[in-house]
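Just so it is clear: chains get the letters A, B, ... in the order the sequence lines come, proteins before strands, and each one is counted from 1. Worth saying up front: this structure is predicted, and the values here are computed from it rather than measured.
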There are 2 protein chains.
Amino acid sequence: MALEHAILVSLAERAGTGYDLARRFDKSIGYFWTATHQQVYKVLARMEAAGWVTVTVLAQDGRPDKKRYDLTEAGRAELARWIGGPAEPELTRSELAVKVRGASYGDVRLVAAEVERHRDLHAERLDSYLANEKRDFPDPSRLRGAKLHQYLVLRGGISYERGAIEWCDEILESLRPRPKGKR
Amino acid sequence: MALEHAILVSLAERAGTGYDLARRFDKSIGYFWTATHQQVYKVLARMEAAGWVTVTVLAQDGRPDKKRYDLTEAGRAELARWIGGPAEPELTRSELAVKVRGASYGDVRLVAAEVERHRDLHAERLDSYLANEKRDFPDPSRLRGAKLHQYLVLRGGISYERGAIEWCDEILESLRPRPKGKR
DNA sequence: TTCCGCATGTAACCAGTTACATGATTAC
DNA sequence: GTAATCATGTAACTGGTTACATGCGGAA
């Protein structure tokens with residue numbers, strides 16, 4: 001389980017509310033981890049019980065109170081401990097791959113259309129990642145520390161999307177009707 | 001949800017027992033989908049209730065009875081229907097990426113060691129995939145139908161592993177102490 | 001004699017999703 | 001007026017994992 005620890009990383013960078021954390025997952029850390037706000041609230045409660053974070057209630061008028069979460073020493077220690085441990089390589093599940101595999105038992109053209117849609121989705125994401133790269137890391141060779149690590153994760157996202165696009169293209173080339181010459 | 005449908009694909013190729021299906025997930029389909037035998041038994045029960053498969057009990061002496069599952073017409077129809085529908089692109093969760101991102105809050109050298117271990121794991125898998133490719137698809141340009149689709153999924157596995165290895169290498173290059181020249 | 005393969009499952013648990021609920025503020 | 005943003009959560013459910021249980025045959 002790693003959501004706890006993804007949150008620890010996020011809080012180590014800076015304190016925030018459950019709402020904040022959920023939004024951060026939509027963005028930067030979100031290349032390789034996501035969580036809904038419901039899930040975040042649940043886990044934060046557990047983390048507080050474990051003594052990894054403290055809560056400060058911040059009254060607001062007009063809108064509901066905020067709860068700012070801060071890492072405790074115990075939280076930092078747990079984070080360091082976890083970082084030093086092994087990470088299980090997770091199995092990549094791909095529904096699209098299952099459809100490709102089974103394409104002969106359905107309509108191959110529909111599968112091809114879906115692959116094309118995925119290719120476009122991946123291309124869109126790639127563009128947005130590349131834009132982030134340009135904006136946030138214009139000179140990567142100088143990076144060090146946390147900023148470098150952030151960059152490396154982004155690079156992972158970029159390389160993943162590129163791979164996905166290439167794969168979709170390969171599928172499309174072999175699934176789509178051959179150029180008329182052969183007919 | 002797609003385990004049901006992954007099983008339908010597997011059964012469309014050929015009938016089998018729960019045990020067989022679980023093992024097939026370890027192999028061919030397993031590049032992009034896996035399931036334990038417990039999970040398979042559970043889902044098969046559901047699928048039988050839905051009328052997608054029929055069960056034939058095959059008595060054996062010495063060992064427990066087998067249950068061979070066969071697709072029904074309804075099962076085939078459901079498979080065709082599902083194949084024609086959209087596939088949600090799933091979010092790739094990577095614990096390793098979270099560790100890389102948080103490396104500054106722990107021991108960077110341990111993270112690097114773990115990245116190296118992952119690179120080796122991916123390299124091993126790549127080798128085995130490439131061996132499968134050579135053995136099962138010596139002449140890819142002639143493939144058509146189900147065999148082609150199988151090949152394309154394998155190609156996806158190969159490209160995924162290659163991407164993972166490249167990413168690990170990029171991380172290792174920037175995380176590890178610079179060649180002494182610069183010091 | 002010990003482990004692996006065959007072959008079935010149950011039970012407890014855990015992580016994550018979806019739906020629902022509340023309610024003010026601000027921008028279009 | 002309508003939708004989005006801020007901000008919290010509960011409840012029901014689903015999919016998947018882990019641990020446990022049984023028991024024979026054959027290989028090392």
Side-chain angles (χ1 to χ4, degrees), chain A residues 1-8 10 15-27 29-30 32-50 53 55-69 82 87-95 98, chain B residues 1-8 10 15-27 29-30 32-50 53 55-69 82 87-95 98:
Chain A
M1 222 300 301
L3 178 54
E4 262 95 336
H5 297 97
I7 290 177
L8 286 177
S10 197
T17 66
Y19 187 87
D20 289 335
L21 289 163
R23 268 184 325 163
R24 288 186 212 166
F25 278 115
D26 282 348
K27 292 175 188 161
I29 303 190
F32 289 117
W33 211 272
T34 27
T36 58
H37 69 101
Q38 292 94 328
Q39 185 68 6
V40 169
Y41 288 127
K42 230 191 278 185
V43 171
L44 279 172
R46 238 192 282 153
M47 290 169 72
E48 201 207 337
V53 294
V55 192
T56 315
V57 177
L58 306 170
Q60 302 188 113
D61 46 50
R63 44 186 64 182
D65 295 353
K66 268 188 192 181
K67 291 182 175 181
R68 199 193 61 226
Y69 289 87
W82 175 79
E88 286 319 306
E90 40 274 299
L91 30 95
T92 331
R93 287 205 158 100
S94 165
E95 202 175 322
V98 179
Chain B
M1 223 300 302
L3 178 54
E4 261 97 337
H5 297 98
I7 290 178
L8 286 178
S10 198
T17 67
Y19 188 87
D20 289 335
L21 288 162
R23 269 183 324 163
R24 288 186 212 166
F25 278 116
D26 282 349
K27 294 176 187 159
I29 303 191
F32 290 117
W33 212 273
T34 27
T36 58
H37 69 101
Q38 291 94 330
Q39 184 68 7
V40 169
Y41 288 127
K42 231 192 277 184
V43 171
L44 278 172
R46 238 193 283 153
M47 290 168 72
E48 201 208 335
V53 293
V55 193
T56 314
V57 178
L58 307 169
Q60 302 189 114
D61 48 47
R63 44 187 63 183
D65 294 353
K66 269 188 192 181
K67 291 184 176 179
R68 199 194 60 225
Y69 289 87
W82 175 78
E88 286 318 305
E90 39 275 299
L91 31 94
T92 333
R93 286 203 158 99
S94 165
E95 203 175 321
V98 178

Original post:
To 10°, what angle do the rotation axes through the five end pairs on each side of the helix from C/dT1-D/dA28 to C/dC28-D/dG1 form?
Top reply: 40°
Subject >> Interatomic distance, A/Gln60 CD vs D/dT8 C1' [rounded to whole Å] >> reply: 11 Å
Original post:
Closer to the 5' end of DNA chain C via nearest nucleotide, is it A/Ala35 or B/Asp65?
Top reply: B/Asp65
Original post:
Does the side chain of A/Leu44 reach to within under 4.5 Å of the side chain of A/Val55, using non-hydrogen atoms?
Top reply: no
Original post:
OP1 or OP2 of D/dC6 less than 4.0 angstrom from a side-chain nitrogen or oxygen of A/Tyr19, does that happen here?
Top reply: yes
**OP:** Look at B/Arg23 together with B/Asp20 and state whether they make a salt bridge at an N to O cut-off of under 4.0 Å.
**Re:** yes
Subject >> Spacing of A/Glu90 atom CD relative to C/dG16 atom C1', expressed in whole Å >> reply: 15 Å
**OP:** Round to a whole Å and report the spacing from CD of B/Glu88 to C1' of D/dT14.
**Re:** 16 Å
**OP:** Any chance you could lay out the side chain to side chain contact (heavy atoms under 4.5 Å, CB included) test for A/Thr56 and A/Lys67, step after step, and finish with the verdict?
**Re:** CA-CA 5 Å; A/Thr56 315; A/Lys67 291 182 175 181; over 6 Å; no
Original post:
Nearest heavy-atom pair of B/Ala2 and B/Trp33: which atoms, and what distance?
Top reply: CB-CH2, 3.7 Å
**OP:** Check the distance between C/dT17's C1' and B/Leu91's CG and give it to me in whole angstrom.
**Re:** 11 Å
Original post:
Taking CG from A/Asp26 and P from D/dT5, how many angstroms apart are they, rounded to a whole number?
Top reply: 11 Å
**OP:** Using a heavy-atom cut-off of under 4.0 Å over every strand shown, decide if B/Arg23 touches base, sugar-phosphate, or nothing.
**Re:** sugar-phosphate
Original post:
Rounded to whole angstrom units, what separation is found between the CZ atom of A/Arg68 and the C1' atom of D/dT8?
Top reply: 17 Å
**OP:** Identify the heavy atoms of B/Ala59 and B/Asp65 that sit nearest to each other, and give their distance.
**Re:** CA-OD1, 3.6 Å
**OP:** Please state how far atom CG in B/Leu58 lies from atom P in C/dC6, giving the value in whole angstrom units.
**Re:** 16 Å
Original post:
Does a nitrogen or oxygen in the side chain of A/Thr17 sit under 4.0 Å from OP1 or OP2 of D/dT8?
Top reply: yes
Original post:
Where the side chain of B/Arg24 meets the backbone of B/Ser10, is there a donor-acceptor pair that is under 3.5 Å apart?
Top reply: yes
Subject >> Heavy-atom side-chain contact between A/Val98 and A/Arg93 under 4.5 Å >> reply: no
Original post:
In whole Å, what is the span from the CD atom of B/Glu95 to the P atom of C/dG16?
Top reply: 11 Å
Original post:
Within the distance-only criterion (no hydrogens, no angle test), does the side chain of A/Glu90 pair as donor or acceptor with the backbone N or O of B/Glu95 below 3.5 angstrom?
Top reply: yes
Give me, pair by pair, the N or O atoms of the protein and of nucleotides 9-15 of chain C that are less than 3.5 Å apart, along with how far apart they are.
{"from": "C/dG9", "atom 1": "OP1", "to": "B/Lys67", "atom 2": "NZ", "distance (Å)": "2.4"}

Original post:
Does A/Arg68 reach the main-chain N or O of A/Val57 with its side chain, forming a donor-acceptor pair under 3.5 Å?
Top reply: no
